[in-house]
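Here the structure comes first, spelled out in structure tokens, and everything after it is commentary.
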Amino acid sequence: MSRPPATQVSTCPLCEALCGVLVEVDGRRVRAVRGDPDDPFSRGHICPKAAAPADLHDDPDRLRTPLIREGRAWREASWEEALAKAADGLARVRRRHGRDAVAVYYGNPVAHNLGLMTHLLPFTRALRTRNVYSASSADQLPQMLTALRMFGHFGLIPVPDVDRTDFFLIFGANPLVSNGSLMSAPGMRRRLAAVRARGGRVVVVDPRRTDTAAAADEHLAIRPGTDALLLAAMLHVVCADQRTTLGRLAGRVKRFEALAELVGELPPERVAQRTGIPALAIRRLATDFAAARRAAGYGRVGLCTQRHGTLAVWLLQALNLVTGRLDAEGGLLLTTPAVDGVGILSRLGFRGAFGRWRGGALRLPEFTGELPVAALADEIKASRHGAVRALITVAGNPVLSAPNGRRLDRALGSLEHVVAVDPYLNETTRHAHILLPPAPPLARPHYDLALNVFAVRNVAKYAAPVLPRAPGERHDWEILAGLAGRLFAPGPLRAAAVRALARLTPDRILDLLLRLGPHRLSLARLRAAPHGLDLGPLQPGRIAGRVATSDGLIDLAPEDFVREARTRLLDEAGRQTNGDLTLIGRRQVRSNNSWLHNSPRLVQGRDRCTLLVHPDDAAPRQLATGDRAEVASEAGSVTVPVEVTDTVRRGVVSLPHGWGHHRDGTRLRVAGQQPGASANDVTSERHLDTLSGNAAFNGLPVTVRRSSR
Ligand SMILES: Nc1nc2c(c(=O)[nH]1)N[C@H]1C(S)=C(S)[C@@H](COP(=O)(O)OP(=O)(O)OC[C@H]3O[C@@H](n4cnc5c(=O)[nH]c(N)nc54)[C@H](O)[C@@H]3O)O[C@H]1N2
Ligand SMILES: Nc1nc2c(c(=O)[nH]1)N[C@H]1C(S)=C(S)[C@@H](COP(=O)(O)OP(=O)(O)OC[C@H]3O[C@@H](n4cnc5c(=O)[nH]c(N)nc54)[C@H](O)[C@@H]3O)O[C@H]1N2
Ligand code: SF4
Ligand SMILES: [Mo]
């Protein structure tokens, strides 16, 4: 007898927007996924990716059983055997080569996975290795370093109060496509339209006329990699015109003079040529921003992943601060999340650290226990004691996501022991010796520990699993607990340790964290409100009380930042640009970094891994739409189809990342259908943010020529 379809209330776990969804389930199959109109935060919004978890659930390529590699072949194994082999190999490498010889790389989906959020950090810390890497250093590391230096805690990243601002100034983000980042705000199109409807303005600074730029009041097509100069010049204008105010934070800020002195040397006229933005436009933008009743300056991936990413992020925050936008309604605010991760870490004395050790050929600095992923290949290739000989990857695909992924790909092949916790046999996990696939997202509970901290309203929602997991499937956290018990507990206690760890469920930890949180919630309370709880708008006035610097003051001009600006930024202002092209990336609505390309619903139709070229750059190279071109840098090259369009700035070409599924030895349907090419076969492990070592994917010099291949 068949049961009628049931509708389950859930949350889409794919991106930061936290959309509420209604999943219609028929037995073990998903019939449909709709936006949940009763979710108080997303109010029915979803994007085309919402159905992808259902595709993932049924994907024949998704692994259901642990795999052990023997030579080039894989065989299925029991959990017992696979976990024992995985742990034994790690223990062997630790014994022979030391703790640092075991490295960890974890990727973006960790942030959206409750069990990984509760279990991965303790697991990684217990390994006591200096070789921890993650997607953070291909993403928001400059924002965390800036938060550490200015506010004394890496997690103090205020969010734009988009629903109350009158002037939304966006640098290097395309929220209409990405659905927002470090700004959880489902339904960005509606929210941006609302800014304009209430008489406000949206201005986008981006080398490409993106969907967001096209929907804004104004678009400034900046030359890639020059935002720090533009922002310094805006600060110059604001300081020179004496338009500064610290607002609520007056008396809580130090080193204003050091900032004023630095930006004093960068008037708009000095940076106009280099940034490609006329001096008058810079002056007008700065005065408009300072004069607006409520304004918020927001920057994301495009601002972070460039040569002066940290300087740019800092100067943007400084602009917000000296125009009174920090901690002001309609400006930038700290959330009051139901689980106050930053507060808990702070109380445990965990605020973040920088530069305690270094790694890679460029001696890149550690940040809060992690080295930049750009250093990973070097650390594998090194021959000294402590060089990386084993790797655990968790929810990451650095072969496609790290700068110069091709070099990393080769290095991974030389490792003694690789353990991957991942549902796919893909470009990275094909290097594993043991592959441990977790139960899929629809079979696990969801609470977003990470992104609720960056939501534009205080909200909380717990979603129970939509479908039961298949017999024999294990959750990510159980896999980690299984590894930990076998790796860390002494022989006689091992079985007991494995059992004890298995009882420490994410739900139990979440319940405790909710009870400790500022809203004194509990798991039971969240279960009773399946569509989610609205905990109210963000409150101004929270920043001062949270500043964690030693003197309690916000540092407006951190000394190492000022030094870096003086040695490396100032003389770039006048530098002439040569005739080279520079590469930037782009995100696409029907794609999610490297890993949803197996969903037929998302990846159908024409090849999307194309190079955007401006007509003026295409003509001299005899390139037309549909031709193939070779894009080459100092690091490597790829050949891709061209799309000629005036939406990119002259001198700039754009290639999306996450493609390049042609490599041997994977088990991915997309490999045979629409492999594309990897942008990170062109990006360089030496083209980095000069302060943090974050990948500088954008603004990379490249050559482009017609290809007959
Ligand atoms: N050129 C260029 N490169 C970039 C960027 C760019 O803009 N341009 N962006 C960078 C950014 S912002 C990021 S965040 C990184 C992302 O970099 P990564 O996080 O390294 O890569 P993803 O493509 O997100 O790969 C996610 C992996 O996790 C697996 N996975 C998915 N869900 C789960 C799960 O629940 N559990 C487990 N165990 N595994 C899971 C998938 O199968 C896949 O292997 O890429 C960076 N790389
Ligand atoms: N559909 C979809 N959504 C996603 C993802 C995805 O892959 N697909 N990935 C998720 C992840 S991991 C993240 S981190 C977020 C990122 O979210 P966003 O930060 O909104 O990401 P992007 O769309 O890459 O926007 C970056 C913008 O920076 C611009 N840019 C490049 N170089 C420069 C520069 O030098 N200066 C300036 N001012 N701009 C520049 C690019 O043209 C691009 O429009 O998106 C998340 N959401
Ligand atoms: S915007 Fe799309 S991918 Fe992101 S949470 Fe919402 S439905 Fe999921
Ligand atoms: Mo990201």
Side-chain angles (χ1 to χ4, degrees), residues 10-21 33-36 39 41-42 44-53 107-109 111-112 134-141 143 169-188 204-213 219-231 275-277 298-309 312 316 401 441 446 448 451 582-597 602 612 647-649 652 654 656-658 695-700:
S10 188
T11 305
C12 171
L14 291 177
C15 90
E16 300 179 40
L18 312 171
C19 295
V21 288
V33 181
R34 282 173 289 134
D36 177 3
D39 183 299
F41 192 36
S42 63
H45 172 81
I46 48 167
C47 84
K49 288 200 298 298
N108 171 270
H112 308 286
S134 79
S136 288
S137 51
D139 189 344
Q140 81 288 355
L141 175 54
Q143 287 179 279
L169 175 56
I170 302 176
F171 285 84
N174 185 10
L176 287 196
V177 167
S178 69
N179 286 295
S181 183
L182 293 181
M183 170 180 65
S184 287
M188 277 308 300
V204 174
V205 182
D206 196 303
R208 186 166 72 89
R209 193 167 69 244
T210 59
D211 288 9
T212 308
H219 168 218
L220 296 167
I222 192 171
R223 204 185 298 280
T226 66
D227 296 75
L229 290 170
L230 172 66
L231 282 155
T275 57
I277 315 278
Y298 162 76
R300 260 313 269 131
V301 155
L303 196 66
C304 289
T305 52
Q306 54 172 293
R307 282 262 307 160
H308 294 298
L316 175 58
S401 63
H446 187 79
D448 211 311
L451 281 324
T582 54
L583 179 69
I584 62 169
R586 71 179 186 276
R587 283 181 160 67
Q588 300 171 307
V589 176
R590 289 169 173 275
S591 169
N592 198 26
N593 297 320
S594 76
W595 70 279
L596 285 183
H597 297 160
L602 293 182
L612 307 184
T647 55
V648 277
R649 200 198 136 82
V652 176
S654 162
H657 72 283
F697 298 120
N698 296 301
L700 180 77

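Both ligands and their constituent atoms are indexed starting at 1 by order of listing.
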Considering the heavy atoms of [X], write down every atom of ligand 2 situated less than 4.0 Å from one of them.
X    : answer
Q588 : 1 (N), 2 (C), 8 (N)
N592 : 4 (C), 5 (C), 6 (C), 7 (O), 8 (N), 9 (N)
S591 : 1 (N), 2 (C), 6 (C), 7 (O), 8 (N)
V589 : 1 (N)
N108 : 12 (S)
D139 : 14 (S)
I584 : 31 (C), 32 (N), 42 (O)

Using modelled atom types and a 3.5 Å cut-off, is there a donor and acceptor pairing between side-chain atoms of [X] and backbone atoms of [Y]?
X    : Y    : answer
T11  : L18  : no
S42  : G20  : yes
H219 : D206 : yes

N/O to N/O below 3.5 Å, does that happen between [X] and ligand 2?
X    : answer
R587 : yes
K49  : yes
N593 : yes
E16  : no
P224 : no
S178 : yes

Would you indicate whether the side-chain heavy atoms of [Y] and [X] approach each other to under 4.5 Å?
X    : Y    : value
Q143 : C304 : yes
R649 : I222 : no
C19  : F41  : no
H45  : D39  : no
L220 : V204 : no
L230 : V205 : yes

[X] to ligand 2, any heavy atom closer than 4.0 Å:
X    : result
G225 : yes
T210 : yes
R586 : no
L303 : no
R223 : no

Should the proximity of [X] to ligand 2, defined as any heavy atom under 4.0 Å, be assigned to the side chain, the backbone, both, or neither?
X    : result
Q140 : neither
V301 : both
D227 : side chain

D139 CG to S134 OG distance, which is reported to the nearest 0.5 Å: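 Atom-to-atom, D139:CG and S134:OG are 8.5 Å apart.
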For atom 44 (O) of ligand 2, the protein heavy atom that lies nearest, with its residue and separation: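 Among all protein heavy atoms, the one nearest atom 44 (O) of ligand 2 is D206 OD2, 2.6 Å.
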Atom 40 (C) of ligand 2 [closest protein heavy-atom partner, distance rounded to 0.1 Å]: P207 CD, 3.2 Å
Pair S181-E16, side-chain donor/acceptor within less than 3.5 Å: yes
Exercise: do S178 and R587 side chains pair donor with acceptor under 3.5 Å: no
Distance-minimising heavy-atom pair for [X] and [Y]:
X    : Y    : result
L602 : A52  : CD1-CB, 3.9 Å
A135 : N108 : CB-N, 4.0 Å
P224 : T582 : CG-OG1, 3.5 Å

Results of ring-ring contact (aromatic ring centres under 6.0 Å, His included) for Y298 - residues two or more places apart only: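 Y298: ring-ring contact (aromatic ring centres under 6.0 Å, His included) contacts with F168.
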Steps toward side-chain hydrogen bond (donor to acceptor under 3.5 Å, both in side chains) verdict (H657, S401): CA-CA 7 Å; H657 72 283; S401 63; over 6 Å; no
Tally, protein N/O/S atoms nearer to atom 8 (Fe) of ligand 3 than 2.8 Å: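 Counting protein N, O and S atoms closer than 2.8 Å to atom 8 (Fe) of ligand 3 gives 1.
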